[in-house]
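Not measured: the values here are computed from a predicted model.
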Amino acid sequence: MATIVGRTFRGPEQPIAVLLALLALGSPGCKTWTSFKERNAELRAMVFESSYEDRRSEEKFATAQQLFAEGEYSKAQDIFTKLADNKANSTDLAENSRFMQAECRRMRAQYPEAVDTYHKLLNDFPTGAHRRESCMRMYEIADYWLDDFRDELERRADEPGILHWKPRMPNPFDKSRPTLDQEGRTLEALERIHTQDVTGPTADKALFWCGYVNYIRGNFQEADHFFSMLAEIHKESPLRPQALAYAIHAKNNATGGAEYDNRKCAEALQLVHVAEASVPELTQNPEMADKLTRAKFAIRMQQAEKDFRTAEYYERTGHPGSAVFYYELVRRRYGGTQYSEMADVKKERLITLMNSGTPATGIDPFAKVESKWNELFGKKRPPGEEQSLPRVDPKLEPATVLPAAMTASGSLPPGP
């Protein structure tokens, strides 16, 4: 147990406290008992506590600024870090010190650590004086990381479809890029920029790149989220027309096909109508108007396939009335498509089977029992007399193999 300047230390703290006292005694300027107590208290607080009264904080900050101006970023960073971590300092001093700590890391090209420091500043001081400037610095770094993504797009321009991410060999000596998951760190930084400064000059660009990278990688649900947010929040952004076009494609591709919930298709079709009515940049540009038309056609084809397969399901499970209803719905709603023609043929065939004397029953076991009972014990009807709606067996006709839902082909104009 050791007692040094009015405080008792026990256990593992004891040798550290003695060592700090010796360092304080041998430090420059420690010539009196008062200066020894001040120096010892400062060293003790820096090691054992997160806050301590630093009477030379302003002087240290000025010294660190001078070092920063002279290009001594490493030395200045150490001082700024200690000032920012000391919770006893004033709010303004702590905020300025944290911002300058991030600036030192940025000037030293330690971009991942700089982004983390800017983000810590934004979390600790969300309405501080350096909020917008920090977001702009983060966007500059994220845009630098996106250069690799843009280079990949040019290199793989001949590959059709989704460009899945191919991890590259990490370079631990390159401090300007994240060692692992550079693309994930980039998207994380861009999303934080929009969250921390929604009305900032880089907020719409950050959202667009989040959506565009996810769109290229085939993450259509995430792409739809970011593009739709941009179109809804940033109505004055010059990127809104492109975001609307991408959102339409992303919504249509996010359904997973006609077998799944097609509410995204309905949202995409509604977005097409909004774009045609409120975004002249899309309708007046012949190329974009053509892509918009093809996107609308792809949406309608996927909706037609959804209703057509619903009709086939009812026919397959022995509900001919519901099947006829959906076939007629497809025929009327999606006229001029291949599904309309196939629905017309299937409906006529199903009605013919329903009016026949020995209709099939599908795969419903109860319907099979009912049909057999009527066959053995039911009354015979005169030929030509209409009967009640029986169930239909899909084995009477080979299953029709349908093509997948059409998607709008061709790439859209590149991002900003």
Side-chain angles (χ1 to χ4, degrees), residues 142 146 149-150 152-153 160-165 183-184 186-195 198 202-279 281-283 285 287-306 404-416:
L146 283 171
F149 172 74
R150 289 185 280 259
E152 181 186 356
L153 289 184
I162 297 171
L163 300 182
H164 293 288
W165 179 62
E183 197 166 284
T186 304
L187 295 178
E188 182 184 36
L190 291 172
E191 192 170 0
R192 287 172 174 176
I193 291 169
H194 184 267
T195 301
V198 179
T202 59
D204 58 335
K205 297 178 183 179
L207 270 186
F208 186 90
W209 279 112
C210 284
Y212 188 69
V213 173
N214 280 288
Y215 181 87
I216 295 299
R217 300 307 187 197
N219 303 323
F220 296 115
Q221 291 186 351
E222 293 293 326
D224 169 37
H225 169 71
F226 290 114
F227 284 133
S228 299
M229 187 185 301
L230 192 156
E232 183 177 349
I233 297 178
H234 304 278
K235 297 185 181 298
E236 303 300 326
S237 172
L239 299 173
R240 186 170 182 262
Q242 293 187 51
L244 277 172
Y246 278 116
I248 293 169
H249 284 252
K251 284 181 183 294
N252 193 33
N253 291 325
T255 59
E259 296 86 353
Y260 300 92
D261 186 7
N262 66 340
R263 282 180 291 182
K264 284 292 183 182
C265 277
E267 294 178 9
L269 190 60
Q270 182 181 3
L271 202 59
V272 170
H273 297 325
V274 171
E276 291 177 337
S278 62
V279 185
E281 292 88 347
L282 293 178
T283 55
N285 187 336
E287 182 181 358
M288 296 298 293
D290 178 65
K291 293 183 183 297
L292 200 62
T293 302
R294 283 188 287 144
K296 187 194 303 185
F297 183 73
I299 295 168
R300 298 290 289 173
M301 286 295 290
Q302 189 169 161
Q303 290 179 325
E305 184 183 2
K306 175 72 174 180
M406 295 177 59
T407 56
S409 61
S411 60
L412 291 170

Check whether any side-chain heavy atom of L190 sits under 4.5 Å from a side-chain heavy atom of V213, and report yes or no. no
Can you give me the closest heavy-atom contact between G211 and A223, atom names plus distance? O-CB, 3.4 Å
Those residues at least two apart in sequence (or on a different chain) that pass side chain to side chain donor-acceptor pair (under 3.5 Å) with R300 are none
Parallel, tilted or perpendicular: rings of F227 and Y246 (30°, 60°): parallel
Would you check if D290 and R294 make a side-chain contact, meaning some heavy-atom pair closer than 4.5 Å? yes
Are R217 and E222 ion-paired here, with the side-chain N under 4.0 Å from a carboxylate O? no
Run the side chain to side chain contact (heavy atoms under 4.5 Å, CB included) test on N214 and L187 for me, step by step, so that the C-alpha distance in whole Å, both residues' side-chain angles and the decisive distance to 0.1 Å come before the verdict. CA-CA 9 Å; N214 280 288; L187 295 178; 4.1 Å; yes
Answer yes or no: is there a side-chain heavy-atom contact under 4.5 Å between I299 and Q303? yes
Is there side-chain contact between I216 and F149, with at least one heavy-atom pair below 4.5 Å? yes
Answer yes or no: is there a side-chain heavy-atom contact under 4.5 Å between I162 and F220? yes
Measuring from atom CZ of F208 to atom CD of Q242, what distance do you get when rounded to the nearest 0.5 angstrom? 4.5 Å
Name the orientation class of the two ring planes belonging to W209 and Y212 (parallel below 30°, tilted from 30 to 60°, perpendicular beyond 60°). perpendicular
What distance separates C210 SG from E188 CD, expressed to the nearest 0.5 Å? 10.5 Å
Sub-4.5 Å side-chain heavy-atom contact between R240 and K235: yes
Do S228 and K251 come within less than 4.5 Å of each other through their side chains, counting heavy atoms only? yes
Are any side-chain N or O atoms of Q302 and backbone N or O atoms of N252, one a donor and one an acceptor, separated by less than 3.5 Å? yes
Roughly how far, to the nearest 0.5 Å, is CG of D224 from NE2 of H249? 12.5 Å
Taking all heavy atoms of I248 and all of A275, pick out the closest pair and write down the distance. CD1-CB, 4.5 Å
Nearest heavy-atom neighbours spanning S237 and D204: OG-OD2, 2.6 Å
Which heavy atom of A231 sits nearest to which heavy atom of L244, and what is that distance? CB-CD2, 3.7 Å
Report yes if the side chains of I233 and H194 come closer than 4.5 Å at any heavy-atom pair, otherwise no. yes
